[in-house]
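Both backbone and side-chain heavy atoms feed into the values below; hydrogens, waters and symmetry mates do not. Just so we're on the same page: letters track the sequence lines, and every chain starts at 1. Just so it is clear, the model here is predicted, and its values are computed rather than measured.
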2 protein chains.
Amino acid sequence: MTIDRFKPIPLHYQITNELRRAIKEGHYRVGDLFPTDKQLMEKYGVSSITVRRAVAALVDEGLLERRPGKGTFVKRETVEETLGKLTGFFEEMKARGYEPSATIIFTGPVEDLAKEIQRVPGLRVFGDAPLYLIEKVQKMNGQPITYLRSYWPFEYGSRLAEEDLEGRGLYELVEEKLGLILERAEQTISAGRAGKKEAGYLQVKTGTPLLIMERVAYAGDRPVELSLNAYRADRYKYRVVLDRNRPRPGSGVIVE
Amino acid sequence: MTIDRFKPIPLHYQITNELRRAIKEGHYRVGDLFPTDKQLMEKYGVSSITVRRAVAALVDEGLLERRPGKGTFVKRETVEETLGKLTGFFEEMKARGYEPSATIIFTGPVEDLAKEIQRVPGLRVFGDAPLYLIEKVQKMNGQPITYLRSYWPFEYGSRLAEEDLEGRGLYELVEEKLGLILERAEQTISAGRAGKKEAGYLQVKTGTPLLIMERVAYAGDRPVELSLNAYRADRYKYRVVLDRNRPRPGSGVIVE
DNA sequence: AAGTGGTCTAGACCACTTA
DNA sequence: AAGTGGTCTAGACCACTTA
């Protein structure tokens, strides 16, 4: 459970993971003084540079903050930081202090896979495995924000459908009930207009411009969800920060 | 010019900047073996850990790549990396191997600032300084992709307007002619539909959905450009990668 | 066998903060 | 004066690559 000097995993890396776990489990409160470098050196029996490296990784992730002369502190993650990470709609709304909810429209297996792939070419990432569709409208303080079509491998999707999808976020349930950890996602942002169906769900006029996001979420290297989100563009925008030297994940894509 | 042990700037930081400059100036070719850690230790008269730290920063920026047992190499930046950074349309298209061009629609001072701010509230970042507008259509291989309205403080804008804005990118010209370095930008992505004017410039029907980006670019802490881009959503999408642990700059924004 | 980058130690000195 | 994190040294051992 703790640090093993004979594992072929670098000590600084083992310590980073150990400390991250402790923070996430709530062993330290936000704003608390974190153990000093010296205490960590003694606790793990390693040198100062190894501790520094382990702690630096968590500073980078936004979990800790160092103040020279004062100490290391557990940081309150800013809304910015929370949202730059891979999060679901429910987490995102809660982080902003809004009340998320959802209305289920449909849950069930995808009957005609070939036809569905024609409409949503991105579904190819799943190969020819059977799929399960969860379709819902997500709301903020009772106002519809986005119409979501979320495709999962059949087993995952059908198990999710048994849960409280109107009161809880998909991604929370995935972790809690399926034990999957979504590590990474790729997201494409585009624009479209509301058809009759979308217009009804989102309470806008037909033809209203919508912000369209297609997201593929991965657990390890395996794709586990493809979702299509249609956001009301009058209520939701997407923000990106760009840096001259540091490569960032956002970029335009030419549609061939 | 080189490293100064008596400056209050950390050695690793001085070395990082020195090496970055050398790479950018083309002292090493892509794929070339970069000096080994040992050579750098001797050259700068510092210890291994200081060299490692300096080199690690450039690995992080995507300029170098380390292969244990082999050496450090100058990396060809991938299209992904180039585009995650703050780049203009011309650089972006060139990085993808397309031929960018532009048609100027209008250049001139903003006459009625108060009125313009009412239409584009983002312009408030400039306070009440006089502004200059550059309006153009940007093309890829001759095809219109985006209609751009780019606002600059008067002096910068008027100087840019004297340059070859149809054959070169704004951001290149800014660096070359104005000596400004754009370090950071904040960008908001939304959806809209083509009015008569946009429809004409982009050769689409009125009402076609467009991807709308509003960007504020900064040199140091000073905002120097606010641009409004309307992209043809059938030809251009925006892509973002999200990570579970690492905060990334992309995030949704609720419109109040 | 010699060279590479990756990890790690045990310590030093520094500026800064707190008491 | 004692404690904090930030920087840096001089070296060791490791796995891996190349010859």
Side-chain angles (χ1 to χ4, degrees), chain A residues 2-20 22-23 28-76, chain B residues 2-20 22-23 28-76:
Chain A
T2 178
I3 264 52
D4 181 352
R5 309 191 71 88
F6 300 102
K7 265 197 257 182
I9 299 163
L11 290 173
H12 68 83
Y13 191 73
Q14 294 185 49
I15 295 171
T16 296
N17 289 334
E18 179 78 8
L19 296 177
R20 187 195 295 108
I23 295 167
Y28 305 98
R29 270 192 303 265
V30 167
D32 267 9
L33 252 174
F34 199 70
T36 66
D37 287 9
K38 211 172 145 204
Q39 288 168 335
L40 292 173
M41 286 165 69
E42 280 161 17
K43 174 165 181 198
Y44 294 115
V46 299
S47 71
S48 64
I49 280 196
T50 301
V51 161
R52 281 194 57 73
R53 199 162 164 183
V55 171
L58 298 173
V59 169
D60 225 51
E61 288 177 18
L63 292 174
L64 295 178
E65 188 176 0
R66 314 200 87 183
R67 299 190 207 143
K70 301 189 86 171
T72 302
F73 297 83
V74 182
K75 215 174 138 186
R76 172 179 303 285
Chain B
T2 178
I3 265 53
D4 180 351
R5 307 190 73 90
F6 300 103
K7 263 196 260 187
I9 299 163
L11 289 174
H12 68 83
Y13 190 72
Q14 293 185 49
I15 296 172
T16 296
N17 289 333
E18 179 79 9
L19 296 176
R20 187 195 296 109
I23 296 167
Y28 305 97
R29 271 193 302 265
V30 167
D32 267 10
L33 252 173
F34 199 71
T36 66
D37 286 11
K38 213 174 143 202
Q39 287 168 335
L40 293 173
M41 285 165 69
E42 281 161 15
K43 175 166 179 196
Y44 294 114
V46 299
S47 72
S48 64
I49 280 195
T50 301
V51 161
R52 282 193 57 74
R53 200 162 163 184
V55 171
L58 298 173
V59 169
D60 225 51
E61 289 177 18
L63 292 174
L64 295 177
E65 190 177 358
R66 313 200 89 183
R67 298 190 208 141
K70 301 189 87 172
T72 302
F73 298 82
V74 182
K75 218 173 136 185
R76 171 179 301 288

Identify, between A:V51 and B:D37, the residue whose nearest nucleotide on DNA chain C lies closer to the 5' end. B:D37

Looking at DNA chain D, which of residues 7-15 of chain A put a heavy atom within less than 4.0 Å of it? none

How long is the span from the [atom1] atom in [X] to the [atom2] atom in [Y], to the nearest 0.5 Å?
X     : Y     : atom1 : atom2 : answer
A:D37 : A:S47 : CG    : OG    : 10.5 Å
A:F34 : A:E65 : CZ    : CD    : 13.5 Å
B:L19 : B:L58 : CG    : CG    : 6.0 Å
A:T16 : A:L11 : OG1   : CG    : 10.5 Å
B:R53 : B:I49 : CZ    : CD1   : 9.5 Å

I want to check something: taking the side chain as every heavy atom from C-beta on, are A:I15 and A:V46 in contact at a cut-off of under 4.5 Å? yes

Within-4.5 Å side-chain heavy-atom neighbours: B:R66 and B:V59: yes

Looking at B:F73, I'd like to know if the NZ or CZ of B:R67 sits under 6.0 Å from its six-membered ring centre while staying within 45 degrees of the ring's axis. yes

Pull out every stem in DNA chain D, meaning runs of 3 or more consecutive Watson-Crick or G-U wobble pairs with both distances under 3.5 Å. C:1-18 with D:1-18

Residues touching DNA chain C, which here means a heavy atom under 4.0 Å, drawn from residues 38-45 of chain A: A:G45

So which heavy atom on [X] is nearest to which on [Y], and how close?
X     : Y     : value
B:Q14 : B:I9  : NE2-O, 2.8 Å
B:G71 : B:L33 : CA-CD2, 4.0 Å
A:V74 : A:L64 : CA-CD2, 3.9 Å

By nearest heavy atom, map A:I49 and A:G69 onto DNA chain D; which one lands nearer the 5' end? A:G69

Report which part of the nucleic acid [X] touches: base, sugar-phosphate, or nothing (heavy-atom distance under 4.0 Å, all strands).
X     : value
B:V55 : nothing
B:T72 : sugar-phosphate
B:R53 : sugar-phosphate

Chain B reaches DNA chain D, atoms under 4.0 Å from its heavy atoms, from D:dT7 to D:dT18

Enumerate the residue pairs fulfilling salt bridge (Lys or Arg N to Asp or Glu O under 4.0 Å) with a member in residues 40-52 of chain A, sequence neighbours excluded, ordered by first and then second residue. none

Can you pull the salt bridge (Lys or Arg N to Asp or Glu O under 4.0 Å) pairs that have at least one residue in residues 4-13 of chain B, sequence neighbours excluded? none

